[in-house]
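Report on the following structure.
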Amino acid sequence: MENKNDIQKEQNPDSDILVSKKRPTHAKRDIKEVSDNEKTRIDMPTVTTETVVPKERIKKQEEPLYEEMPLLEEEEPMTKSIFEMLLKGVLYLVFVIAISIIFAYYIITIGNDIFAFKKSGEEVKITIEDTDRAKDIANKLHDAGVIDYPGIFTLYNSFKNRDSETKQEFVADTYVFNADLNYDELIAKFEKSAPVRTIVTITFPEGLSIDEMIDIFLENGIGTREGFVNAVKSSLIYDMSYKFLQALQEQERQGFAEGRKYALEGYLYPDTYEFYTDTSEIDAVAKLLKTFNTRFEKEYYDRCDELALTVDEVVNIASIVQKETKYSSEYMTVSSLYHNRLNNPYRFPRLQCDSTYLYAFPDRREGLTLDEMKKSDNPYSTYSIDGLPPSAICNPSLDAIIAALYPSGADSSGKEYTYYYMVARPNGYHYFATTEAEHLANINRANAEKGE
């Protein structure tokens with residue numbers, strides 16, 4: 001049964017809130033086991049305990065916390081944060097300006113020290129010893145009031161001489177000079193002068209052999225004959241990624257044709273060059289190879305593939321074209337003639353060029369006979385050896401190379417012919433013929449012009 005006081009508390013809204021009280025909830029069933037499986041059920045009610053909490057305490061807990069804080073306390077931290085940000089920004093700006101001023105000051109003063117913009121012309125005297133190096137000289141210059149930053153002077157000197165192959169040396173002496181010299185002038189004053197390198201300009205005419213080009217090098221005081229012979233005998237001593245050179249090197253590894261005189265004959269491009277007189281033979285040759293690589297364009301490699309010829313074979317033909325006629329207007333016709341012979345090896349196994357034999361025997365130009373060339377077993381005698389000679393016979397011009405790549409058997413009127421023969425005229429031009437009968441007739445015409 002419930003207590004009357006408890007009932008009144010529940011009905012009065014102003015009284016303490018009834019949180020808990022003792023009241024029946026539900027009965028638990030306790031089962032007590034007895035012998036012979038007989039069971040007795042005892043129903044025991046359980047109770048819960050109810051606690052009374054003052055209503056004022058409940059209300060205080062329900063109120064939101066932020067309502068207890070005044071608005072002013074919420075705005076003050078934000079104002080303080082903005083102020084701190086502005087202060088930091090001003091301090092950072094002042095710091096940057098200060099650093100910039102200091103940096104600019106040192107840049108200006110160091111620049112003046114290096115370039116002597118505002119130095120006095122006062123006369124100074126310092127002594128350089130045999131053992132002095134740049135650092136020692138810098139300290140002496142600083143002590144004499146010539147420079148303000150000996151460390152910068154030493155660093156500047158190292159930078160200026162970092163690519164020099166010659167060890168820097170200074171001349172021991174006592175020097176008297178004005179203090180308004182810049183760093184370069186100071187270094188030059190104390191430094192041992194390197195030998196003056198003389199530059200020579202050399203022009204190589206088109207169609208010279210390597211031996212003739214070596215003569216020109218020697219006449220201009222560059223290298224030795226032995227040094228140049230060693231520099232052109234093999235292509236394998238050059239480490240350059242030129243396509244023509246790599247192909248030539250592979251050909252050399254597999255074995256050149258028997259009797260080849262120089263590996264690089266035909267590739268020393270004729271042009272005008274400047275050389276130091278102390279240039280090594282290999283460096284001089286490399287310079288000419290570089291020019292050949294520049295002139296021999298990609299489309300020329302493609303054209304070699306179309307003709308089913310190597311670059312070396314094209315250069316070989318070009319060298320023959322260059323030596324067989326004096327006039328570039330005949331280059332393509334002469335080239336066509338030799339292409340025709342090479343493409344018909346059964347009818348014309350031999351090129352029959354005087355110039356190839358003369359390459360092997362340059363001293364036989366006078367009194368040379370056809371019978372002599374036919375009997376020779378020299379690999380450069382195209383009267384007795386089939387096909388092309390072992391190498392080019394000169395270093396041809398670009399026009400001759402292009403003619404070797406794009407032959408055209410046309411006469412002066414533009415009419416296309418398939419020529420196999422030619423004979424030189426007294427004026428240096430040639431008569432061309434398709435058949436042997438035409439060729440014999442042309443020989444008679446040429447002899448008549450000679451007055452024979």
Side-chain angles (χ1 to χ4, degrees), residues 202-213 216 244 264-273 288-289 291-304 306-307 309 311-343 351-359 362 365 382 388-389 391-434 439 442 445-446 449-450:
I202 302 177
T203 298
F204 297 102
E206 300 167 345
L208 294 184
S209 68
I210 280 181
D211 284 328
E212 292 169 324
M213 295 178 81
I216 294 176
F244 80 87
L264 298 179
E265 188 75 85
Y267 298 97
L268 306 191
Y269 193 84
D271 207 338
T272 299
Y273 299 89
L288 275 63
L289 294 176
T291 305
F292 182 94
N293 181 65
T294 302
R295 299 290 191 273
F296 203 88
E297 300 175 4
K298 180 183 180 302
E299 65 178 271
Y300 300 156
Y301 290 102
D302 296 338
R303 179 58 177 167
C304 287
E306 293 175 11
L307 296 172
L309 295 172
V311 174
D312 196 52
E313 289 169 332
V314 167
V315 171
N316 198 330
I317 295 170
S319 71
I320 295 173
V321 170
Q322 183 86 57
K323 298 300 288 186
E324 284 292 315
T325 179
K326 299 178 180 179
Y327 305 104
S328 60
S329 59
E330 288 190 333
Y331 282 174
M332 288 191 176
T333 306
V334 173
S335 174
S336 174
L337 185 152
Y338 289 116
H339 274 281
N340 292 336
R341 281 182 170 259
L342 290 169
N343 291 332
L351 298 183
Q352 297 182 331
C353 306
D354 295 0
S355 57
T356 60
Y357 184 85
L358 291 171
Y359 173 77
R365 183 172 298 277
T382 52
L388 289 168
S391 74
I393 59 173
C394 72
N395 295 277
S397 64
L398 183 60
D399 287 341
I401 292 172
I402 292 173
L405 290 166
Y406 303 95
S408 175
D411 62 14
S412 57
S413 65
K415 185 177 181 180
E416 288 285 341
Y417 285 97
T418 304
Y419 296 126
Y420 293 97
Y421 304 92
M422 68 180 188
V423 60
R425 300 170 59 190
N427 61 7
Y429 287 94
H430 291 80
Y431 287 126
F432 297 94
T434 300
H439 177 54
N442 286 337
R445 291 168 63 189
E449 290 175 0
K450 294 177 185 176

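As a basis for the values below, the full set of heavy atoms in this structure was taken, side chains included, without hydrogen atoms, waters or symmetry mates.
- In this structure, CD1 in Ile401 is found 12.0 Å from CD1 in Ile317, a value given to the nearest 0.5 Å.
- Minimum interatomic distance between Leu351 and Leu388 (heavy atoms only, all atoms of both residues): CD1-CD2, 3.8 Å.
- In this structure, the side chains of Asn293 and Tyr269 stay at 4.5 Å or more apart for every pair of heavy atoms.
- Taking CG of Asp271 as the reference point, atom OG1 of Thr291 lies at 6.0 Å (rounded to 0.5 Å).
- Met422 CE to Ser336 OG: the interatomic distance, rounded to the nearest 0.5 Å, is 11.5 Å.
- Annotation: side chain to side chain donor-acceptor pair (under 3.5 Å) contacts of Arg425 (sequence neighbours excluded): Tyr431, Glu449.
- Within the 3.5 Å criterion, the main-chain N or O of Cys353 finds a donor-acceptor partner in the side chain of Thr382.
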Legend entry - side-chain contact (heavy atoms from CB on, under 4.5 Å) between Glu313 and Leu342, worked out: CA-CA 11 Å; Glu313 289 169 332; Leu342 290 169; over 6 Å; no
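- Counting only residues at least two apart or in different chains, ring pair (Phe, Tyr, Trp, His ring centres under 6.0 Å) contacts with residues 316-340 comprise Tyr327-Tyr429.
- Pro407 has its side chain out of reach of Asn340: every pair of non-hydrogen atoms, C-beta onward, lies at least 4.5 Å apart.
- Distance OG/Ser335 to CD1/Ile402: 11.5 Å, rounded to 0.5 Å.
- With sequence neighbours excluded, no residue forms a ring pair (Phe, Tyr, Trp, His ring centres under 6.0 Å) with His430.
- To the nearest 0.5 Å, the span separating CD on Glu330 from CZ on Phe432 amounts to 4.5 Å.
- For Tyr420, the side chain to side chain donor-acceptor pair (under 3.5 Å) partners are Asn344, not counting sequence neighbours.
- In this view, Glu416 and Ser408 satisfy the side chain to side chain donor-acceptor pair (under 3.5 Å) rule, not counting sequence neighbours.
- At least one donor-acceptor pair closer than 3.5 Å links the side chain of Asn395 to the backbone N or O of Leu208.
- Side-chain contact of Gln322 with Ser397: a donor-acceptor pair under 3.5 Å is present, judged by distance alone.
- Pairing each heavy atom of Pro205 with each of Pro270, the nearest pair is O-CB, 3.6 Å.
- Residues that satisfy the side chain to side chain donor-acceptor pair (under 3.5 Å) test with Asn343, not counting sequence neighbours, are absent from this structure.
- A search for side chain to side chain contact (heavy atoms under 4.5 Å, CB included) contacts involving Leu358 returns Arg365, Leu368, not counting sequence neighbours.
- Taking Tyr267 as the reference, Phe244, Phe292 meet the ring pair (Phe, Tyr, Trp, His ring centres under 6.0 Å) condition, with sequence neighbours excluded.
- Residues Asp399 and Glu206 have side chains not in contact (no heavy-atom distance under 4.5 Å, counting atoms from C-beta outward).
- With hydrogens and angles left out, the side-chain atoms of Ser319 and Tyr359 include no donor and acceptor closer than 3.5 Å.
- Closest approach of Leu289 and Leu268 over heavy atoms only: CD2-CD2, 4.0 Å.
- Legend: residues meeting side chain to side chain contact (heavy atoms under 4.5 Å, CB included) with Thr203, ordered by chain and number and at least two apart, are Thr272.
- For Tyr421, the ring pair (Phe, Tyr, Trp, His ring centres under 6.0 Å) criterion is met by Phe348, His439, not counting sequence neighbours.
- Contact detail for Pro396 and Gly266: the closest heavy-atom pair is CD-O, 3.6 Å.
- In this structure, Ala446 and Val423 approach most closely via the heavy-atom pair CB-CG2, 4.3 Å.
- For Ser355 against Lys323, the heavy-atom pair with the smallest separation is CB-CB, 3.7 Å.
- When the salt bridge (Lys or Arg N to Asp or Glu O under 4.0 Å) test is applied to Lys298, the partners found at least two apart in sequence or on another chain are Asp302.
- Annotation: ring pair (Phe, Tyr, Trp, His ring centres under 6.0 Å) contacts of Phe204 (sequence neighbours excluded): Phe217.
- To the nearest 0.5 angstrom, Ile393 atom CD1 is 9.5 Å from Ser209 atom OG.
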